[in-house]
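What you see is a predicted model; the values in this text were computed from it and never measured. One-based numbering along the sequence shown. Quick note: numbers below take in every heavy atom, side chains included, and nothing from hydrogens, waters or symmetry partners.
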Amino acid sequence: MYRSHFLPRFLGVWLIINGFAYLPELHGLLLPHYEDVVSNIALPAQLGEVVFMLWLLSWRKGADSECPSF
């Protein structure tokens with residue numbers, strides 16, 4: 001994702017961080033009294049999926065009928 005020319009570099013980095021944001025969510029299962037704290041910290045990173053979805057929708061509207069060459 002980071003080296004791809006398909007999407008902007010900041011979005012690739014955000015998706016990588018998003019993947020690592022799911023790891024602290026396991027602590028919420030193991031230590032339930034810290035679940036609220038961990039969720040508040042991980043939420044901004046997990047919004048990368050929503051931003052990626054919106055980017056895909058906006059990219060498709062502005063794209064020609066052909067796919068970009070890689």
Side-chain angles (χ1 to χ4, degrees):
M1 292 294 227
Y2 180 73
R3 294 174 56 185
S4 172
H5 296 289
F6 176 68
L7 65 143
R9 192 171 293 236
F10 81 92
L11 195 53
V13 172
W14 200 354
L15 288 174
I16 292 169
I17 293 170
N18 182 19
F20 286 112
Y22 282 108
L23 294 175
E25 290 291 326
L26 287 174
H27 291 339
L29 295 173
L30 300 174
L31 302 168
H33 54 282
Y34 290 119
E35 184 176 5
D36 292 334
V37 175
V38 171
S39 294
N40 289 339
I41 294 170
L43 181 64
Q46 291 176 342
L47 289 176
E49 293 176 357
V50 176
V51 173
F52 180 62
M53 177 194 65
L54 294 173
W55 182 84
L56 283 175
L57 289 172
S58 68
W59 175 78
R60 187 64 199 136
K61 285 184 179 180
D64 296 329
S65 60
E66 296 181 19
C67 291
S69 60
F70 292 103

A.B. asks: Using side chain to side chain contact (heavy atoms under 4.5 Å, CB included) as the criterion, list what pairs up with Ile17, not counting sequence neighbours.
C.D. replies: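 Here the qualifying residues are Val13, Ala45.
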
A.B. asks: Using side chain to side chain contact (heavy atoms under 4.5 Å, CB included) as the criterion, list what pairs up with Val37, not counting sequence neighbours.
C.D. replies: Ile41

A.B. asks: Can you list the residues that meet the side chain to side chain donor-acceptor pair (under 3.5 Å) rule with Glu49, with sequence neighbours excluded?
C.D. replies: Asn18, Tyr22

A.B. asks: Can you tell me how far CG of Leu57 sits from CH2 of Trp55, rounded to the nearest 0.5 angstrom?
C.D. replies: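 CG of Leu57 is found 11.0 Å from CH2 of Trp55.
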
A.B. asks: Could you report the tightest heavy-atom contact between Leu47 and Trp14, atom names first, then the distance?
C.D. replies: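 Nearest pair, atom of Leu47 first, then Trp14: C-CZ2, 4.1 Å.
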
